[in-house]
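Each remark here refers to the structure printed beneath this line.
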2 protein chains.
Amino acid sequence: MTTLKELAKLLNVSISTVSKALSDSNDIGAKTKKRVKEAAELYNYKPNQMALGLKNNQTKTIGVIIPNILNHFFAKVLFGIEKAARQQSYDTIVCISHEKYANEVSSLEVLTNGRVDGFIMSLSAETLAKEHVNHIKTLKRADQPIVLFDRVTEKLDCDKIIIDDQHSMYEATKQLIENGRKNIAFVSNITNLEIGQLRLSGYQKALKESDISFDENKILKLTSIENPHQSMIKFLLSQKIDAIVSADNTSGIMMINAAKDLGFKVPKDIAVIGFGDKETSYLTYPQLSYIDQNPEEIGKTATEILIERIEDKNQKHKYRTIKLSTSLTLKATS
Amino acid sequence: MTTLKELAKLLNVSISTVSKALSDSNDIGAKTKKRVKEAAELYNYKPNQMALGLKNNQTKTIGVIIPNILNHFFAKVLFGIEKAARQQSYDTIVCISHEKYANEVSSLEVLTNGRVDGFIMSLSAETLAKEHVNHIKTLKRADQPIVLFDRVTEKLDCDKIIIDDQHSMYEATKQLIENGRKNIAFVSNITNLEIGQLRLSGYQKALKESDISFDENKILKLTSIENPHQSMIKFLLSQKIDAIVSADNTSGIMMINAAKDLGFKVPKDIAVIGFGDKETSYLTYPQLSYIDQNPEEIGKTATEILIERIEDKNQKHKYRTIKLSTSLTLKATS
DNA sequence: CTGTTAGCGCGTTCAG
DNA sequence: CTGAACGCGCTAACAG
């Protein structure tokens, strides 16, 4: 690490001369500037961010706490966050809560030391279930800006980025109904989450609107990860089903495979719509029709909102809840 | 942000008294300690990491630069890194190069300012293709420790964590041969990478050893992401194939789907082994047999090696190249 | 036992 | 045009 001091000694000038020369201050003569700049280049001088941060009381870093990086959705949100942050010269520190409240708390504690300028979070399942929010309220008391996305809670007053979970599933279900499907199943491995419930209600709303009676048996709740295909096969064999909506981003894929294995034609015999995106749609054949949550957009928006708050602390903006739109992409001819 | 100064003023003692009391120094009397600690607790005091970092010339942060977070392999390595780093009280800053050399350079530059104590990297495809390594040599000159994983290069002398790409594919292919397969295809979307070539050579080695002649037509190179299934179907129809090995972590999945769509039984008619892990194996049915690179282990090892170097700068350890073992998991009865 | 001081690296006064 | 001094928050060496 080359420092201003080293450069100064080397050039036989004072530290502040070097500093000023590098920032093109009018105080410094042209040839001194040139000399300094060349030396800086040569020795690969870079201002120490710790020192800068200490001085300016800002880190140019945002903390991201997500429940699970192996979930494609969260990975893609992170993708969007990193990209947007970098564009504004912010770094991104990642913490993974592994769906545990305790990890969320400790990550928060570790980072609340002037290490980051603000947080972007999606709450862990455990935090949501227990309705614990004090760890985050503490943040807010410390005047740390925070933006929640996807896994949000009403118990917290802050900026939030969400999608219309109910509506997106409503649309998907309606699409299938219009396509002539009568026996539409609902599959989910996130029934324990509020967003899972919202998606279920969207499905129910669409059914109701078309006077299709809701049948509890057409709901498949996946819990353990073990042997999902077996439960799916049993489920498919137990009743007449001509379409499936999936509330998460893997069970739609698995359902297509289970259905095909049983000899059903997809989408002719059974049409499937799940959450996903272009890339994951390639994981099945025929490709899965999908509701795209536009995770990159979520990440981008969260980052922009956060940085706005960071850089204009005293802004009187009321906290906003931004509902981003999803898109429904139909694959294959149904 | 509560500071020592604020606490000191509040308690009518000096700053250093507070500092010492909090670190349980013998200098301080029991009751003073108690008073200080209670106040610190009350005001939620946390030492400012910027200040600490400046003083100790360390950030307790590691920089991770990976080509693509949406690739399950890299996501899982990051998972391992974050976990291991946290255990040693290090934070993780993530940068994504998007397979571009320029992004790699700029990420490196941004972070080489006393922002991180060291780097864990996997090189972008472009960097590897162009054989550019000067940006990293610059790092090393600045005495920044660095650990490379997976996408490494011989042109750099540093710690490296890799798997035995050739051997893992050799084992998989041999497994299929022993299973009686005669017409084994090789599918890959990473033929442009050195690790892709190594995996190909492992396949070839296994064939040779069993006196099966290598047939160029049995190699399917995927390039664009568009319509992979179409090329696969064409490929499968063009010749007799009874087994497939995939050199990456998606084409094996796609191949199973393509094969099943053509009416082949998997694995009876066509057996498939690809790179993957337990979770991704559930994305197909029957489940994909997979070579697990143990990405979490890779991340963990890389982190431990890096932190070792960071905390013992002058260590005379020669740079190590650690070859981690993979595991082959066979699914379904072949 | 407690307080004062110096210095980590930086930018920004303010004097010269 | 240049340099000395200060302070961000912290710890450690040194005085009292």
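This is a predicted model, so every value here is computed, not measured.
Rounded to an integer number of Å, the gap from NZ of A:K46 to P of C:dC10 is 12 Å. Atom NZ of B:K9 is separated from atom C1' of D:dC10 by 17 Å (rounded to the nearest Å). Note: NZ (B:K55) to P (D:dA13) measures 9 Å, nearest angstrom. Rounded to a whole Å, the CE atom of A:M50 is 16 Å from the C1' atom of D:dT11. Atom CG in A:N56 sits about 17 Å away from atom P in D:dG7, given to the nearest Å. Atom pair B:N57:CG and D:dG9:P shows a separation of 20 Å (rounding to whole Å applied). Between the CZ atom of A:R35 and the P atom of D:dC1 there is a distance of 15 Å, given to the nearest Å. In this structure, B:L54 atom CG and D:dG7 atom C1' are separated by 12 Å, rounded to whole Å.
For C:dC8, one of the phosphate oxygens OP1 or OP2 lies less than 4.0 angstrom from a side-chain nitrogen or oxygen of A:K5.
Relative orientation of the B:F79 and A:H98 rings is perpendicular, given thresholds of 30° and 60° on the angle between their planes.
Here D:dC10 is the nucleotide among D:dC8, D:dC10, C:dC10 with the atom lying nearest to any side-chain atom of B:N48. Among the nucleotides D:dG9, D:dT11, C:dG11, the one closest to any side-chain atom of B:T3 is D:dG9.
The number of heavy atoms from other shown groups lying within 6.0 Å of CD (A:E194) does not exceed 12.
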Can you list the steps and then say if B:K137 with B:N134 is a side chain to side chain contact (heavy atoms under 4.5 Å, CB included)?
CA-CA 5 Å; B:K137 286 197 171 160; B:N134 280 336; 4.2 Å; yes
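Listed by residue number, the members of residues 13-33 of chain A with any heavy atom below 4.0 angstrom from DNA chain D are A:V13, A:S14, A:S16, A:T17, A:K20, A:D27, A:I28, A:G29, A:T32.
Rounding to the nearest 0.5 Å places CG of A:D150 at 8.5 Å from CG of A:L193. One distance of note links CG of A:L52 with NZ of A:K46; it measures 13.5 Å at 0.5 Å rounding.
Within the 3.5 Å criterion, the main-chain N or O of B:S124 finds no donor-acceptor partner in the side chain of B:E99.
Residues passing the salt bridge (charged side-chain N to carboxylate O under 4.0 Å, His left out) test with A:E296 are A:K83, sequence neighbours excluded.
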